[in-house]
Amino acid sequence: MATTTPARGSSTSARGLVRPTFKQPSKRLPYPIGLYQTAVGKKWVMGVTGIMMMGFVLVHMIGNLHMYEGPAEYNEYAEALRNLGGALIPHEGVLWVLRLGLITAAALHIHSAATLTIMNRRSRPQGYQAPRDYSAANFASRTMRATGIIVLLFIIFHLLDLTWGVFLGDDYIKGDVYNNVTRSLSSAPVAIVYMLANIALAVHLFHGAWSLFQSLGWNSPQFNQARRVFATAFAGLILVGNLSFPIMNLAGVVSQDTRTTPCAAEGGEETDICLGVNE
Amino acid sequence: MRITLKVWRQDGPTSPGSFETYDVPGVSPDMSFLEMLDVVNDRLTLDGKRPIVFEHDCREGICGSCGMIINGVPHGPEKGTATCQLHMRKFHDGDQIVVEPWRAAAFPVIRDVAVDRSAFDRIIEAGGYISTPTGAAPDANLTLIPKPVADAAMDAAACIGCGACVAACPNSAAQLFTSAKLAHLNLLPQGQAERWARTEAMVETMEEFFGSCTNHGECREACPKEISIDFIAMMNRDYVKAKRKNRKLLSQIR
Amino acid sequence: MSDIGYLDGKVPTGPIDEKWTSHKFNMKLVNPANKRRYEVIVVGTGLAGASAAASLGELGYNVKVFTFHDSPRRAHSIAAQGGINAAKNYKNDGDSVYRLFYDTVKGGDFRAREGNVYRLAEVSVDIIDQCAGQGVPFAREYSGLLDNRSFGGAQVSRTFYARGQTGQQLLLGAYQALARQIRAGSCTLYNRTEMLDLVVKDGAARGIVVRDLMTGEVTSHSAHAVVLATGGYGNVFYLSTNAKGSNTTATWRAHKRGALYANPCYTQIHPTCIPASDDFQSKLTLMSESLRNDGRIWVPKNPADTRSPDQIPEADRDYYLERRYPAFGNLVPRDVASRNAKTQVDEGRGIGPLKNGVYLDFGDAINRVGAQVIKERYDNLFEMYERITDEDPYKVPMRIYPAVHYTMGGLWVDYNLMSNIPGLYVLGEANFSDHGANRLGASALMQGLADGYFVLPYTIGDYLAGMLGEKPLDTSDPAFKQSEAEISDQVKRLLSLRGKQTVDQLYRKMGVDVVWAKCGMARNEQGLKEAISDIRAIRDEFWSDINITDQSQTMNQSLEKAMRVSDFIDLAELMCKDALHREESCGGHFREEYQTPDGEALRNDDQFAYVGAWEWTGESGQQKLHKEELAFEYVKLAQRSYK
Ligand SMILES: Cc1cc2nc3c(=O)[nH]c(=O)nc-3n(C[C@H](O)[C@H](O)[C@H](O)COP(=O)(O)OP(=O)(O)OC[C@H]3O[C@@H](n4cnc5c(N)ncnc54)[C@H](O)[C@@H]3O)c2cc1C
Ligand code: HEM
Ligand code: SF4
Ligand code: FES
């Protein structure tokens, strides 16, 4: 009405001081993509992808324990992975599905982490000018981004190292996983990289494996205590398992291949002789 | 007691601002923190200087007006206590006390340590209510509410809207505040009809102003009402459910 | 000034239990489609204001809501602890609308209007339904049914509560309902905006003039009706249990524009508060009255006794309430308990470092039922006490002393809650209310919500219906412009003062040394006369000797406070004047000259059974008295006795 003083711009009196920092998309995409448009949704995705990667890390660690049984068993395990699904499915088929799943998971996980980090930075343009005193946030929760990035760099390194053999040069034998791993890990610098990266991973998981219950809304007074125990145990398990490989290699417990390696002789060709050569 | 007070002074929302240090003799341990500031303000005025602007009203820890970072901790060193209920006996003779406003994009500084928290009102307006027009409610005892449910709703409803959770959060996230209101209403039978719409609207409004939760748990430590972060988990769960359309249509189904 | 003449409370005729029903039927209605053509201003977002604004918004009116707080949720109502009464009779213990009505009239020492009180009791039951519907988490029993507790003075269990935070939860309910209307666009919120004047033209309220507390801008808002729900004036005493921001400015400025101020001398003192610890004390904290159920009140017999309380043997203790009132003991009503504590302290038997309190001792109760049970009952209170005093009440008796808590006086309103200025409505603690000379525990929340949810939405329609087609007065009207100019001048004048005192120093001097000392728990003619001249001197000091060093027009708390204190000074004078004229003791007003031989309040029904409503005549202290005679048709006038 013309007779009254106009309201200050909106039906609520924000008086222009507080403005939204983030614009909600004008159109929401259908579920579940719409979920990913929001921060709570992204965190949910991080939790789910985190679980997928945790599953991978756990299986990967357990699988690597075959290393202690000797080259044949170890290589057999590697081949079994490639043969998942048996004769029904083309060679490496299932493995590729798993790989694609993991790649997608990692991509989503990283994308969420990056966008949410930007959001969080913008939410506090001027930081505290005096030192803050945190009481609940721990080292792990404060360093998720750093440990995440370390793990990412490590994954790249790890793939270059053992999947494509970039650093091993002529020592790299495609298919002879045992050879590659033991050769790589017996170099001290490489072993140290592996150890540091896995410490970072464990730290990441110490918070992540607890945090995901919050993000996914899985909580109940009955097992809230247990969440912390679970996360610590999981991170600890991965830490112990994964650290043991470089340590045992350096210590010589897992020895370098002493075989005369037909595989090597044949230039890395993947043959049946390569497998089970010690039999 | 004699203390040194280092306070953030800022003339207006767009002025730069900086710390100023005051020597404060004659502090009684029985004073509340705000009474100490009253004394400082009286002295500043008598010295011809501008008193410190800080918000307060009830001084009983219930209105949520007060709040500042005291020595790096929202509401100061005593757990579960709002600034107005903090007493000087928690400090020692000779201490330096640093006071800073809440900092978040959604809480712009108005002056000195007073900030604008109206973003919280926007979140409530988005859906933080049960639509019961006056006169429309049935007899109160027609809706039975199990005691544990009523108690849990009350635990959540105890939030005083002070904003310490946002201030404490390294990400300036408002999850604790929003989830407390959502849990209060979503737990009660009366709140079921609007549950999913409410959750969606409030969360999305929250995200327009605040950062994203990384589950540090700082908010709970700072909260004068010690609201549990379990409510945040509940909010996350409800939100994901709310996003599924059929849930909204069949809103009675949990 | 227009001649007001005979004050008509406009209570409908007919039997008491049919008055409201028939009145509701007889009032004019506004057609739903026409409601949006009306503008209504609501000042205040406490229980009364928020509930009124939300309800009017739901009906379809265009509502503008003002609060000086940053959010509606911070209004002082948030601090109420104990509970809210309602005549639900869920306990089957004999409660009824009539009993609540009766208790309230009697508790108010027969100085309230029967018709209003009956209506209050009648709608009390709807309030609980409404609030429960909104999601207020009232305490429940294991059956899922609502729980009740009993409260000061009543013999039935009719108090609903939400832990120790009933006011908070009720206010959040009303605030959320308001938030919904803000979202819907029917209500517009003006937070951090203080009403500084009421604009009256052609004999009716036309709008208000406000100051934006963030920018200093002075603007006008016009409407078809103005609703004030701005709370009580307990802070006239400087120290009270009220929030620091509570003030009388809105009601006082309306008074200066012609609204009658009724019964300002009726102020309530709550017996169980934590005594002041030093001269820096800025406010007093209430400890729930429920503590008196288990605590025993005593002082040492010998004023010179300096032993710590646990060293004082039974024989040297005086349980004065149990001694003087064997029937009610420690559970006498608020005014009686308060006055007795004052007597003890005045006679030098006060305890604590400043000898300004009495003991509230849980030792016996702990021995009887065990510390665990006491913990379950009062743990949060004990914790709060310890936080403030650093003493553990499980080990040392609490120290308590009475403090100002509530003000029964306020702007005069008729049965429709309309003041003598047409179009100006007053709700909640701001009006002179339904509590007479003394309010019973847990009934302020009830009254605020009754006014806002269930009374005003009906009665305002009756007035508005007659204005169909009228436009609100244009804010460019000289009436608005002149008021804006006056306010800007006042701001300039205050900012130009370059004296030697801070506003707080002077405010404390007036509140504690004058108003509390001479117009507090007990009053007498000489003291009141002195108080009036002291107040006048303080007013002169105020306008010459205060200093506001903050010169800015933006958020300037010294300036805000100075404006509020200037109104408190004027109100204080009227309070004393009212107290002086009321030559009787009743409820919260105790004149030492008028007491029974054993020190109880002595009413004078022949001469003072009226509402004293004061009209501003242009100068402070020169108000003219108007009387609204009170008729008691249903409740027999009787002397209260708690022996
Ligand atoms: C410690 C304490 C405990 C209590 N416990 C109980 C209890 O257990 N049970 C009970 O029944 N009662 C209790 N009471 C009393 C009760 O809380 C109050 O009487 C009641 O809440 C008053 O509500 P209201 O809506 O009238 O005003 P308030 O809640 O005081 O609200 C006033 C509103 O007006 C606004 N306002 C004021 N002036 C202006 C202005 N000039 N311009 C703009 N806005 C303005 C304020 O911003 C605020 O929003 C208690 C009181 C206290 C102090
Ligand atoms: C590839 C690089 C990675 C980056 C950049 C990264 C980054 C992050 C970040 C920033 C978070 C959010 C922290 C928080 O919300 O508290 C997070 C959470 C998490 N991460 Fe990673 N991470 C990476 C790899 C991994 C891997 C390999 C795993 C699993 C083994 C993993 C498991 C988790 C889990 C479980 C969470 C918790 C999710 C939640 O709270 O919902 N992350 N990560
Ligand atoms: S959740 Fe706690 S810290 Fe956050 S606003 Fe509410 S009371 Fe304050
Ligand atoms: S002043 Fe009200 S919570 Fe501190």
Side-chain angles (χ1 to χ4, degrees), chain B residues 12 28 30-31 34-35 38-39 42 45-46 48-51 53 55-60 62-65 81 85 87 89 110-111 114 116-118 120-121 124-126 128-134 136-141 143-147 150 153-154 157-158 161 184-185 188 190-191, chain C residues 54-55 58 69-71 73-74 76 78-79 90 126 128-130 132-135 137-146 162-163 165 168-169 172 176-177 179-180 182-183 191 214 243-245 277-278 280-283 285 387-388 390 453-454 457 502 504-505 547 549-550 554-555 557-558:
Chain B
S28 141
D30 288 331
M31 276 180 184
L34 298 186
E35 282 163 3
D38 289 343
V39 168
D42 261 6
T45 307
L46 293 175
K49 300 203 187 95
R50 177 169 84 70
V53 176
E55 291 207 78
H56 63 98
D57 197 24
C58 72
R59 298 205 175 189
E60 281 187 19
I62 192 74
C63 73
S65 299
T81 305
Q85 292 281 77
H87 282 73
R89 66 179 79 92
I110 302 172
R111 248 186 145 193
D116 185 348
R117 284 167 287 196
S118 40
F120 273 3
D121 291 325
I124 301 295
E125 285 156 15
Y129 42 74
I130 293 173
S131 302
T132 309
T134 304
D139 187 278
N141 258 350
T143 316
L144 295 183
I145 305 179
K147 186 168 168 16
M154 181 65 224
H184 162 206
L185 302 175
L188 293 170
Q190 305 93 300
Chain C
S55 304
E58 284 162 5
H69 285 101
D70 67 324
S71 163
R73 66 182 293 153
R74 310 231 195 266
H76 165 61
I78 200 101
Y90 280 158
D126 300 334
I128 302 303
D129 299 342
Q130 177 61 26
Q134 287 169 343
F138 284 122
R140 301 270 162 173
E141 297 179 344
Y142 281 99
S143 58
L145 295 166
L146 286 158
R163 297 221 177 119
Q165 290 129 283
Q168 180 196 29
Q169 294 311 316
L172 291 181
Q176 287 163 199
R180 176 168 159 257
I182 291 172
R183 179 70 161 197
N191 63 341
M214 274 163 92
K244 292 292 282 177
S277 62
D278 51 34
F280 306 111
Q281 189 83 28
S282 60
K283 78 154 280 181
T285 304
R387 200 174 289 155
I388 293 172
D390 208 22
Y453 283 133
F454 294 111
T502 67
D504 255 347
Q505 286 174 329
N547 190 351
T549 49
D550 190 345
T554 55
M555 197 184 205
Q557 293 170 325
S558 327

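Everything quoted here is computed from the prediction, not taken from an experiment. Because only heavy atoms are used, hydrogens play no part in the values below, and waters and symmetry mates are left out as well, while side chains stay in.
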Inset, instruction - Could you tell me whether a side-chain N or O of B:Gln190 sits under 3.5 Å from a main-chain N or O of C:Ala132, the two making a donor and an acceptor? - result: yes
Give a yes or no on whether the backbone of B:Ile124 and the side-chain of C:Gln176 come within a donor-acceptor separation of less than 3.5 Å. no
- Query: Taking it one step at a time, do C:Ser71 and B:Arg117 satisfy side chain to side chain donor-acceptor pair (under 3.5 Å)?
  - Reply: CA-CA 8 Å; C:Ser71 163; B:Arg117 284 167 287 196; over 6 Å; no
Report yes if the side chains of [X] and [Y] come closer than 4.5 Å at any heavy-atom pair, otherwise no.
X	Y	value
B:Leu46	C:Thr502	yes
C:Thr549	B:Lys49	no
B:Glu60	C:Lys283	yes
C:Ser282	B:Arg59	yes
B:Met154	C:Phe138	no

Hey, which of [options] has the most heavy atom pairs under 4.5 Å with chain C?
options	value
B:Asp30, B:Asp139, B:Leu144, B:Thr134	B:Thr134
B:Ala153, B:Pro138, B:Ser28, B:Gly191	B:Pro138
B:Gly48, B:Pro146, B:Gly12	B:Gly48
B:Pro133, B:Ala150, B:Ala137	B:Pro133
B:Leu188, B:Asp38, B:Val53, B:Leu185	B:Val53
B:Asn141, B:Ile62, B:Thr81, B:Thr45	B:Asn141

Cut-off 4.5 Å, heavy atoms of chain C, and the answer for B:Arg89 is side chain
message: Quick check on B:Ala114 against chain C: is it the side chain, the backbone, both or neither that has a heavy atom closer than 4.5 Å?
response: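 Only the side chain of B:Ala114 comes within 4.5 Å of chain C.
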Could you measure the distance from the [atom1] atom of [X] to the [atom2] atom of [Y]? Nearest 0.5 Å is fine.
X	Y	atom1	atom2	answer
C:Ile78	B:Cys58	CD1	SG	8.5 Å
C:Arg183	B:Tyr129	CZ	OH	6.5 Å
B:Glu35	C:Phe280	CD	CZ	9.5 Å
C:His69	B:Glu55	NE2	CD	9.5 Å
B:Ile145	C:Arg140	CD1	CZ	3.5 Å

**Message:** Using the rule given for side chain to side chain donor-acceptor pair (under 3.5 Å), can you reason through C:Gln134 versus B:Thr132, listing the C-alpha separation, both sets of side-chain angles and the distance that settles it, and then say yes or no?
**Reply:** CA-CA 6 Å; C:Gln134 287 169 343; B:Thr132 309; over 6 Å; no
Using non-hydrogen atoms only, which part of [X] is less than 4.5 Å away from chain B: side chain, backbone, both, or neither?
X	value
C:Asp390	both
C:Ser55	both
C:Leu172	side chain
C:Gln130	both
C:Tyr90	side chain

- [ ] Please report the C-alpha distance between B:His184 and C:Gln169 in whole Å, then the side-chain angles of each, then the deciding distance to 0.1 Å, and finally whether the side-chain contact (heavy atoms from CB on, under 4.5 Å) criterion is met.
- [x] CA-CA 11 Å; B:His184 162 206; C:Gln169 294 311 316; 4.3 Å; yes
query: Does a side-chain N-to-carboxylate-O contact under 4.0 Å join C:Asp550 and B:Arg111?
result: yes
For C:Lys244, is there an ion pair with B:Asp57 - N to carboxylate O distance below 4.0 angstrom? no
**Request:** Name the member of C:Ile128, C:Asp504, C:Ile388 that forms the most heavy-atom pairs with chain B at distances under 4.5 Å.
**Result:**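 Looking at each of C:Ile128, C:Asp504, C:Ile388 in turn, C:Ile388 comes out on top.
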Pick from C:His76, C:Gln281, C:Arg73 with the largest number of heavy-atom pairs that fall under 4.5 Å of chain B: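 Of the options given, most contacts go to C:Arg73.
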